[in-house]
Amino acid sequence: MKDNLVIVESPAKARTIEKFLGNNFVVKSSYGHIRDLSKKNYGVDIDNGYKPHYVIPDDKKKIVSELKKNVKKAVTIWLASDEDREGEAIAWHLYEALELNEESTNRIVFHEITKEAITNAINTPRSIDKKLVEAQQARRILDRLVGFELSPVLWKKVKQGLSAGRVQSVAVRLLVEREREIIAFKSKSSFKVTAVFEAPDEEGKTNQLKAELSKRFETQKEAVSFIENCKKAQFTVKDRVTKPSKKSPTAPFTTSTLQQEASRKLGFSVSQTMSVAQRLYEAGKITYMRTDSVNLSESALKSAKKIIESQFGEKYLKSRKYKTKTKSAQEAHEAIRPTYLENQTIEGNSHEKRLYELIWKRTIASQMSEAQLEKTTVTIGISTSEHNFIATGEILKFDGFLKVYIESTDDEQETAFGGLLPPVDVNDKLEVSSVQATEKFTMHPPRYTEASLVKKLEELGIGRPSTYAPTISTIQNRGYVVKEDRPGRPRKYKSITLEGGQVSQEVKTETTGTEKAKLFPNDIGMLVTDFLMKHFPEIMDYNFTAKVEKEFDEIAEGKIKWDEMIHKFYPPFHEKVQKTLETSERSKGERLLGKDPASGKNVYVKIGKYGPMAQIGDSDSEEKPRFAALRKGQHLETITLREALDLFKLPRKLGKYEEKEVVAGVGRFGPYIMHDSKFYSLRKESDDPLTVKLDRAIEVIEEKRKRDREKIIKTLEEGDNKLYILKGRWGPYISYGNNNYKVPKDVNADELSFEDCMKIIKNQETKSNKRKTTKRKKK
DNA sequence: CAGTGAGCGAGCTTCCGCTTGACTT
């Protein structure tokens with residue numbers, strides 16, 4: 001007999017707790033929310049007190065009917081969704097949708113999945129907190145009203161298919177503002193001076209001592225004159241100070257910090273981290289991965305203690321409890337940690353192993369003692385200058401938690417320990433072996449990575465652990481933002497060296513501005529941000545979420561009514577929407593750059609049907625204007641007349657090869673060479689289609705032909721039917737007609753016959769048909 | 001898969017937060 005039905009949110013959680021409960025319990029999962037606002041008419045009856053209209057989405061119908069069956073069989077229902085606003089709402093929706101009654105329903109909560117916590121929860125049931133449910137309802141309705149009123153404004157005034165919302169629009173705003181800071185940034189240069197001294201020790205052995213001048217020079221002249229003065233200078237140790245310092249471990253992982261560290265240490269994207277973590281969670285290897293809590297359960301603390309003591313010794317142990325710094329945290333779960341800390345490694349693919357080990361180390365380190373450091377600073381006076389050289393060294397007296405874990409930072413500066421300094425004393429005279437002044441440039445603020453954007457959003461209290469990854473996908477899918485690498489540019493810098501009594505000057509080259517997997521706002525993202533900032537500044541305000549969150553809390557506490565809160569917000573907001581629809585112009589980001597010297601016509605840039613473009617001539621004139629698409633990295637707001645005119649020089653005829661015209665141009669996929677109606681990609685970094693010569697174009701054509709020849713493993717023919725077996729990026733594949741088919745892994749591509757290939761093709765054809773139909777459904 | 005950019009109109013898009021599939025390239 002199973003009289004008791006427990007409903008939780010996640011099936012993995014259901015499996016685990018079923019084990020803790022007796023035979024008299026069956027545990028099922030709701031797979032998150034089971035009802036949502038209808039999409040018709042906002043799903044909200046605005047004229048009737050904002051009454052929500054809830055429906056069960058198609059993909060949840062099966063789950064709900066399954067749960068209903070289980071309800072019928074049970075005597076008592078236990079609603080065990082998370083103890084936060086969303087969890088309480090899930091419990092209430094279950095109560096409503098499953099038509100439960102109060103006598104047979106209990107609401108229970110637990111924060112950690114242990115037998116003790118669950119038994120304890122079963123012993124202290126309560127009823128559903130209606131106020132908290134109403135706070136969630138207000139949150140849901142507000143987001144719906146904002147999203148479904150603003151997005152159509154963008155469809156009419158900017159471009160179809162765009163979207164706006166409380167979270168995504170602010171995320172884009174952050175990126176747009178940072179990009180503009182970078183565009184406006186003016187780099188300043190100064191001269192950093194370093195010196196290498198020779199310090200003899202007691203045994204007469206010389207040690208090198210590296211030091212940096214306390215002053216940076218603004219001009220080359222000052223730097224040169226300083227170095228010239230060093231020629232005859234005497235260098236004396238003026239001071240030596242040694243100070244102890246400490247370094248403490250950071251808190252165990254939350255969703256956001258896991259995403260940041262996995263990005264920095266393992267190079268994972270935010271969504272990659274989440275899907276690997278999901279697999280670890282489902283396999284029972286880690287605790288829940290969508291959490292804002294830094295708390296560890298008592299049992300985890302105990303086993304961490306045991307492991308640290310036995311592996312590293314008692315002096316490495318320091319039990320700690322961490323408190324969240326995030327104001328918006330709801331802490332329905334534990335921090336992310338290994339389920340069984342005694343497993344330092346796990347079975348799995350390399351991604352799973354690496355992420356697991358990262359989580360293990362971070363968790364263990366959080367319960368370890370501080371590292372003890374000792375920082376030594378030596379000040380070296382110069383007889384010919386008022387400035388000093390400063391040498392710093394840091395040594396580790398006791399490694400503590402650093403034995404297992406070193407947290408990384410976003411700063412790209414060198415922060416390595418300087419090591420031990422040679423034993424020099426005050427008044428020692430030092431021999432200088434070299435002095436060097438190097439020109440350094442100030443850096444613009446860094447562009448956001450996916451993970452650093454998540455960090456910023458979390459700081460602002462915008463978005464939740466379950467939405468960070470989807471939000472980042474949304475803003476990329478809408479075309480507001482792209483994630484990409486951009487090559488750096490060479491930059492010249494000056495260097496002045498004193499060595500062997502000789503001063504020499506050099507100009508060297510370094511690469512600067514290389515970007516890897518960074519988020520870049522597109523013109524459409526900038527345009528939409530400007531539009532929303534102009535007409536809906538309160539929604540775009542970085543404090544908007546914090547402000548409404550406070551009101552949601554007040555609803556939960558019973559201080560204000562949910563519908564009154566919505567009513568304070570909606571009418572003025574709706575009025576602005578109406579006014580914007582009626583009065584604002586269509587926003588194209590148009591800018592007049594000047595006149596085309598060849599024709600005397602106006603040159604514009606604006607957003608066209610296919611994206612940002614330049615235009616020569618007016619749309620309403622008799623002669624049709626000419627158009628050219630902007631290139632990657634060019635912005636409507638920064639492109640110059642000259643750069644815009646250059647765009648019209650393409651496609652360019654380079655000459656003839658094999659009696660056919662060779663043309664250079666830029667297309668959707670970057671710069672290309674066209675010859676005999678075939679396309680050949682130019683290398684983005686080194687080939688410029690504006691200047692590329694015929695010789696180089698022929699080289700590109702021949703290289704591609706050679707690659708294509710090497711690509712063919714086999715050609716097979718039967719009658720008029722011809723197919724090729726080719727070498728591809730992901731292994732061998734069959735090219736037949738206009739389609740490609742993958743050769744299965746267990747098959748040797750060299751030995752395939754025509755019939756074998758046709759079988760593979762047929763097999764995959766049926767598969768891909770299925771796929772097409774499901775895809776269409778989704779659309 | 002790389003040329004497009006007139007104008008009209010039908011029908012469509014869209015939010016945030018809970019969850020996991022079912023997909024491959």
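Computed from heavy atoms alone, side chains included, the values below leave out hydrogens, waters and symmetry copies. In the text below, chain A, chain B and the rest are named by the order of the sequence lines, each starting its count at 1.
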Query raised in the report: Who passes salt bridge (charged side-chain N to carboxylate O under 4.0 Å, His left out) against A:K62, sequence neighbours left out?
Result: none

Query raised in the report: With A:E83, which residues qualify under salt bridge (charged side-chain N to carboxylate O under 4.0 Å, His left out), at least two apart?
Result: none

Query raised in the report: With A:H574, which residues qualify under ring pair (Phe, Tyr, Trp, His ring centres under 6.0 Å), at least two apart?
Result: A:Y570

Query raised in the report: Can you name the residues that form a ring pair (Phe, Tyr, Trp, His ring centres under 6.0 Å) with A:H33, not counting sequence neighbours?
Result: none

Query raised in the report: Within the structure, does a side-chain N or O atom of A:S10 lie under 4.0 Å from either OP1 or OP2 of B:dT20?
Result: yes

Shorter than 3.5 Å, N or O on both sides, protein versus nucleotides 8-10 of chain B: list them out with atom names.
none

Tell me every residue that passes side chain to side chain donor-acceptor pair (under 3.5 Å) with [X], counting only those two or more places apart in sequence or in another chain.
| X | result |
| --- | --- |
| A:H351 | A:Q272 |
| A:N543 | none |
| A:D82 | A:K13, A:H333 |

I'd like a list of close polar pairs between nucleotides 15-18 of chain B and the protein, N/O only, cut-off under 3.5 Å.
| from | atom 1 | to | atom 2 | distance (Å) |
| --- | --- | --- | --- | --- |
| B:dC15 | OP1 | A:S163 | OG | 3.2 |
| B:dC15 | OP1 | A:Q168 | NE2 | 2.6 |
| B:dC15 | OP1 | A:R478 | NH2 | 3.3 |
| B:dC15 | O2 | A:R140 | NH1 | 3.1 |
| B:dC15 | O2 | A:R144 | NE | 3.2 |
| B:dC15 | N3 | A:R140 | NH2 | 3.0 |
| B:dC15 | N3 | A:R144 | NE | 3.2 |
| B:dC15 | N3 | A:R144 | NH2 | 3.3 |
| B:dC15 | N4 | A:R144 | NH2 | 3.4 |
| B:dC16 | OP1 | A:V167 | N | 2.9 |
| B:dC16 | OP1 | A:Q168 | N | 3.0 |
| B:dC16 | OP2 | A:Q168 | NE2 | 3.3 |
| B:dC16 | O4' | A:D143 | OD2 | 3.2 |
| B:dC16 | O3' | A:R166 | NH2 | 3.0 |
| B:dC16 | O2 | A:R139 | NH1 | 2.9 |
| B:dC16 | N3 | A:R140 | NH2 | 3.4 |
| B:dG17 | OP1 | A:R166 | NH2 | 2.8 |
| B:dG17 | OP2 | A:T467 | OG1 | 3.0 |
| B:dG17 | O4' | A:R139 | NH2 | 3.2 |
| B:dC18 | OP1 | A:R464 | NE | 3.3 |
| B:dC18 | OP2 | A:S466 | OG | 2.7 |
| B:dC18 | O3' | A:E9 | OE1 | 3.3 |
| B:dC18 | O2 | A:H33 | N | 2.6 |

[X] [atom1] to [N] [atom2], straight-line distance once rounded to whole Å:
| X | N | atom1 | atom2 | value |
| --- | --- | --- | --- | --- |
| A:Y468 | B:dT19 | OH | P | 13 Å |
| A:K40 | B:dC12 | NZ | P | 13 Å |
| A:K156 | B:dT14 | NZ | P | 15 Å |
| A:I673 | B:dG3 | CD1 | P | 14 Å |
| A:F648 | B:dT4 | CZ | P | 11 Å |
| A:R15 | B:dT19 | CZ | C1' | 13 Å |
| A:K61 | B:dT20 | NZ | P | 22 Å |
| A:L154 | B:dC12 | CG | P | 20 Å |

Report summary line: Hits for side-chain contact (heavy atoms from CB on, under 4.5 Å) against A:A614, two or more places apart or cross-chain, chain-then-number order -> A:V605, A:L630, A:A644, A:L647, A:F648

**Report entry** Under-4.0 Å salt bridge between A:K483 and A:E450
**Finding:** yes

Query raised in the report: Counting any heavy atom closer than 4.0 Å, what does A:G43 reach on the DNA or RNA strands: base, sugar-phosphate only, or nothing?
Result: nothing

Requested in this report: Check every strand shown and say whether A:P625 touches a base, only sugar-phosphate, or nothing at a heavy-atom separation below 4.0 Å.
Outcome: nothing

Requested in this report: Apply the test side-chain hydrogen bond (donor to acceptor under 3.5 Å, both in side chains) to residues A:D618 and A:Y604: give CA-CA distance (whole Å), side-chain angles for both, the deciding distance (0.1 Å), then the verdict.
Outcome: CA-CA 9 Å; A:D618 288 87; A:Y604 301 95; 2.4 Å; yes

Report task. Map A:P470 and A:P152 onto DNA chain B by nearest heavy atom, then report which one ends up closer to the 5' terminus. Result -> A:P152

Report summary line: Read 5' to 3' with Watson-Crick or G-U pairs under 3.5 Å, [ ] for crossing pairs and | for partners on another strand, DNA chain B gives .........................

**Report entry** Whether A:F627 stacks on the six-membered ring of B:dG5 base, 5.5 Å and 30° limits
**Finding:** no

Query raised in the report: Are A:R85 and A:E549 side-chain neighbours, meaning at least one heavy-atom pair lies under 4.5 Å?
Result: yes

Query raised in the report: Which pairs, with at least one residue in residues 148-168 of chain A and sequence neighbours excluded, count as a salt bridge (Lys or Arg N to Asp or Glu O under 4.0 Å)?
Result: A:D143-A:R166

